[in-house]
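Data first, discussion second: the structure below is written as structure tokens.
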2 protein chains.
Amino acid sequence: MTAKPTLAVVGATGAVGAVLLQILSQRADIWGEIRLIASPRSAGRKLAVRGAEVEVTALSEDAFAGVDVALFEVPDEVAAAWAPVAVARGAVVVDNSAAFRLDPDVPLVVPEVNAHTVRTRPRGIVANPHCTTLTMIVALGALHAEFGLRELVVSSYQAVSGAGRAGVAALRAQLSLVAGTELGTGPGDVRRAVGDDTGPFPEPVALNVVPWAGSLREDGWSSEEMTVRDETRKILGLPRLPVAVTCVRVPVVTTHSLTVHARFQGEVSVDGAREILATAPGVVLCDDPAAGEFPTPADVVGTDPTWVGRVRRALDDPAALELFVCGDNLRKGAALNTAQIAELIAAEPA
Amino acid sequence: MTAKPTLAVVGATGAVGAVLLQILSQRADIWGEIRLIASPRSAGRKLAVRGAEVEVTALSEDAFAGVDVALFEVPDEVAAAWAPVAVARGAVVVDNSAAFRLDPDVPLVVPEVNAHTVRTRPRGIVANPHCTTLTMIVALGALHAEFGLRELVVSSYQAVSGAGRAGVAALRAQLSLVAGTELGTGPGDVRRAVGDDTGPFPEPVALNVVPWAGSLREDGWSSEEMTVRDETRKILGLPRLPVAVTCVRVPVVTTHSLTVHARFQGEVSVDGAREILATAPGVVLCDDPAAGEFPTPADVVGTDPTWVGRVRRALDDPAALELFVCGDNLRKGAALNTAQIAELIAAEPA
Ligand SMILES: NC(=O)c1ccc[n+]([C@@H]2O[C@H](COP(=O)([O-])OP(=O)(O)OC[C@H]3O[C@@H](n4cnc5c(N)ncnc54)[C@H](OP(=O)(O)O)[C@@H]3O)[C@@H](O)[C@H]2O)c1
Ligand SMILES: NC(=O)c1ccc[n+]([C@@H]2O[C@H](COP(=O)([O-])OP(=O)(O)OC[C@H]3O[C@@H](n4cnc5c(N)ncnc54)[C@H](OP(=O)(O)O)[C@@H]3O)[C@@H](O)[C@H]2O)c1
């Protein structure tokens with residue numbers, strides 16, 4: 001790609017978009033123009049990027065004129081409709097929605113794990129994994145390279161900003177209603193205080209955990225549980241990897257956490273695993289419970305890496321490890337990984 | 001035991017004690033005198049039980065005079081020291097601390113699962129399991145009886161009242177500090193707002209999840225993780241069952257939740273599992289995601305049963321089920337199970 005390519009951010013006004021503008025302001029300044037695009041509702045708003053105010057343009061075909069790389073941070077249906085339009089106008093699209101992730105003609109890229117796949121993009125589109133997959137995949141990729149993954153059992157503790165600005169607004173509103181009360185001790189008392197408007201979640205999320213994320217798929221699975229399984233298999237190149245996932249929403253603003261039970265091809269050692277995690281790019285090992293050291297969302301939010309703690313070998317299976325993993329769902333889980341993919345594309349020889 | 005036996009509640013002023021007094025007021029009135037005991041700090045306080053005010057007595061040897069059954073709801077070291085004293089004075093002790101749970105001469109009883117073991121108590125002590133074990137064990141016992149359990153992988157979402165009154169106070173104080181703010185978006189901002197006093201937890205629990213419960217055991221395991229494994233094996237009579245547990249604290253007042261990946265001896269069907277759970281005593285099946293039905297702590301708190309939802313067969317293993325289970329940690333997780341054990345003892349032929 002030529003020096004100083006033009007970048008478009010589609011969805012610049014959203015939860016992920018806002019973080020992406022911060023990240024673009026912090027990373028090496030490889031871009032020429034950065035064009036900000038959102039819905040007609042936001043046209044004319046000004047947002048700061050790289051220290052300058054940039055006016056938001058309404059999404060249209062012409063908005064992609066001269067764009068080399070377009071980062072899509074919009075709902076699935078908007079991405080499905082408009083990514084091909086941007087490609088037709090000459091842009092490479094990096095899409096952060098679910099629209100293309102499992103398309104066999106679209107690479108699903110995590111630069112630390114499968115950077116090489118970014119070059120093969122017959123549709124001109126590169127997909128960014130779901131934030132829950134991204135919370136664990138860098139650490140798992142490093143362990144898989146050494147030990148060979150055989151099975152995963154994963155439970156999530158997902159932050160409300162995974163459901164966008166609306167998710168954050170819902171938690172904040174609910175917290176204001178329950179703080180300073182004695183609620184949370186009788187059946188339904190929180191629900192009555194919150195009322196029917198639970199935002200993008202099916203139940204109140206303040207003083208609660210909600211075992212549901214996404215839409216209903218076959219046999220009782222949620223779409224987010226299925227996507228974590230399908231994406232993990234695609235990224236690691238293990239199309240038959242057994243993956244059992246339960247997704248649960250928790251009252252945390254930003255940063256997803258996961259417990260991971262990972263079984264490998266043979267015996268693993270905790271020391272070996274810790275050494276891999278301590279040196280893997282993009283991973284921070286934070287694991288000294290005697291000193292009170294393990295990652296929590298409150299410490300991890302706003303940072304780039306995948307944080308791994310509570311590394312234990314299963315007591316009854318010398319081939320399995322237990323991990324607790326945290327990652328900022330708006331940074332590595334979304335905006336940062338998109339920016340990293342865009343940088344890979346920008347660095348390609350012309 | 002003779003009609004109308006005398007019951008003592010030791011720790012009547014605590015988080016579990018308070019719920020136990022409610023439960024004793026609601027269940028069949030089989031007790032003669034109910035004597036309330038706590039530390040000397042509480043002596044003379046009056047608490048309501050069965051509609052009457054009863055004065056709290058300070059713990060002493062004489063406090064057990066004439067007591068038939070003594071329910072201990074006190075810290076481990078107090079139970080370890082005083083349960084044998086109560087036994088020496090002629091009482092059968094039902095202890096809810098960790099002091100005796102793994103003692104081979106102390107039965108660990110869940111009435112729906114292993115009621116028969118209550119009769120063999122060489123030390124005169126019966127132990128109540130840990131609340132995290134109790135959250136899942138009634139449902140698992142029913143599934144095990146049909147399918148034969150082979151392996152468990154469990155992750156917890158534990159409420160703050162599992163750490164007693166101090167845990168509840170810590171969450172409420174922290175929530176008042178973070179509600180109405182924009183906190184939870186920068187590294188350490190919640191921790192700075194909360195300050196150094198995080199109560200019984202090693203990190204702030206408001207707007208956070210904390211992957212730690214209990215004290216440090218060997219190889220990075222926490223005491224609560226070990227106890228869930230050891231107790232599950234003891235209660236189900238499966239001394240070599242592989243059990244991998246990760247315990248995580250969440251900002252919920254009361255009611256623990258668990259994700260459970262349970263592998264059985266042979267193929268299982270979701271319909272078969274649902275039928276077992278729908279009819280098992282002490283279990284409520286709450287599982288219709290299309291209708292938004294799954295258990296959450298906010299709905300389960302204050303109720304007696306184990307609630308089970310999100311029942312799925314593992315997509316890659318026809319012998320494994322995924323479950324999401326909720327139970328009130330102060331009721332079935334503590335006070336209710338203790339009361340049920342006491343009723344079994346009271347019903348024994350003299
Ligand atoms: N939040 C996360 O943790 C996360 C992580 C990974 C992936 N994702 C995915 O990233 C995408 C964006 O998520 P988000 O959380 O940032 O959502 P959000 O906060 O709701 O923001 C949505 C963005 O899309 C724009 N938009 C909506 N409809 C549009 C339309 N018809 N035409 C043009 N722009 C439109 C909005 O512009 P206006 O402001 O003008 O309405 C806004 O900029 C989604 O596909 C989501 O699934 C999110
Ligand atoms: N909370 C749960 O979900 C849960 C579940 C299962 C098991 N447990 C176990 O149940 C026990 C009680 O837990 P909790 O949560 O109710 O604790 P808590 O709220 O801290 O109450 C502790 C109780 O023990 C009494 N106590 C403390 N030191 C004493 C002493 N030296 N002599 C006599 N009484 C003393 C206290 O009396 P004062 O008020 O006079 O200090 C109070 O009644 C613990 O072993 C705990 O591990 C708790």
Side-chain angles (χ1 to χ4, degrees), chain A residues 153 155 157 175-176 178-180 184-188 190-191 202-204 207-212 216 219-222 229 242-244 246 248 250-254 257 259 261 270 287 289-290 292 294-303 309-317 320 322 324, chain B residues 153 155 157 175-176 178-180 184-188 190-191 202-204 207-212 216 219-222 229 242-244 246 248 250-254 257 259 261 270 287 289-290 292 294-303 309-317 320 322 324:
Chain A
V153 181
S155 297
Y157 302 70
L175 280 183
S176 294
V178 304
T185 55
V190 167
R191 186 201 284 263
E203 298 284 332
L207 293 180
N208 208 14
V209 302
V210 181
W212 192 260
L216 182 61
D219 299 323
W221 294 89
S222 73
R229 173 169 171 265
V243 185
T246 301
V248 180
V250 297
V252 164
V253 177
T254 295
S257 307
T259 61
H261 172 84
V270 168
D287 187 25
F294 33 75
T296 76
D299 288 327
V300 166
V301 59
T303 70
R310 303 297 326 279
V311 182
R312 291 148 291 155
R313 191 166 84 169
L315 290 160
D316 308 306
D317 181 352
E322 316 298 327
F324 183 81
Chain B
V153 180
S155 297
Y157 302 68
L175 279 183
S176 294
V178 303
T185 54
V190 168
R191 185 202 285 262
E203 298 283 331
L207 293 181
N208 208 15
V209 302
V210 181
W212 190 260
L216 181 62
D219 299 324
W221 294 89
S222 73
R229 173 169 172 263
V243 185
T246 301
V248 180
V250 297
V252 165
V253 177
T254 295
S257 307
T259 60
H261 171 84
V270 168
D287 187 26
F294 34 73
T296 76
D299 289 327
V300 166
V301 60
T303 71
R310 303 299 325 280
V311 182
R312 290 149 292 155
R313 191 166 85 169
L315 290 160
D316 308 306
D317 181 352
E322 316 299 325
F324 183 80

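Note that these values count all heavy atoms, side chains included, but never hydrogens, waters or copies made by symmetry. Residue numbering restarts at 1 for every chain, and letters A, B, ... go by the order of the sequence lines. Nothing here was measured: the structure is a model prediction, and the numbers come from that model.
Side chains of T259(A) and S155(B): a donor-acceptor N/O pair is present below 3.5 angstrom, by distance only. There is no side-chain donor-acceptor pair under 3.5 Å between S222(A) and R310(B).
Comparing L216(A), D299(A), V210(A), V178(A) by heavy-atom pairs within less than 4.5 Å of chain B, the highest count is held by D299(A). Contacts with chain B were tallied for V311(A), V153(A), D317(A), D219(A); V153(A) has the most, counting heavy-atom pairs under 4.5 Å. The candidate from P211(A), P204(A), P295(A), A298(A) with the greatest count of non-hydrogen atom pairs under 4.5 Å with chain B is P211(A). Each of D287(A), T303(A), V248(A) has some count of heavy-atom pairs under 4.5 Å with chain B, and the biggest count is that of V248(A). No other option in P251(B), A314(B), S176(B), P202(B) has as many heavy-atom pairs under 4.5 Å with chain A as P251(B).
Residue L207(A) forms a side chain to side chain contact (heavy atoms under 4.5 Å, CB included) with just one option from L175(B), V301(B), T254(B), V250(B), and that option is L175(B).
Separating the CH2 atom in W221(B) from the CG atom in L315(A) is a distance of 4.5 Å, to the nearest 0.5 Å.
Closest of all the heavy-atom pairs between T185(A) and V253(B) is CG2-CG1, 3.9 Å. V209(A) and P297(B) get closest at one heavy-atom pair: O-CD, 3.4 Å. G292(B) and E203(A) get closest at one heavy-atom pair: O-OE2, 4.0 Å. A pairwise comparison of heavy atoms in R312(A) and G220(B) identifies CD-O, 3.6 Å as the closest pair. A179(B) approaches A179(A) most closely through the heavy-atom pair CB-CB, 3.4 Å. Minimum heavy-atom separation, P187(B) to G302(A): CD-CA, 4.0 Å.
Heavy atoms closer than 4.5 Å to chain A are found in both the backbone and the side chain of N208(B). Of the two parts of V270(B), neither the backbone nor the side chain holds a non-hydrogen atom closer than 4.5 Å to a non-hydrogen atom of chain A. Heavy atoms closer than 4.5 Å to chain A are found in the side chain of R229(B), but not in its backbone. Neither the backbone nor the side chain of V300(A) comes within less than 4.5 Å of any heavy atom of chain B.
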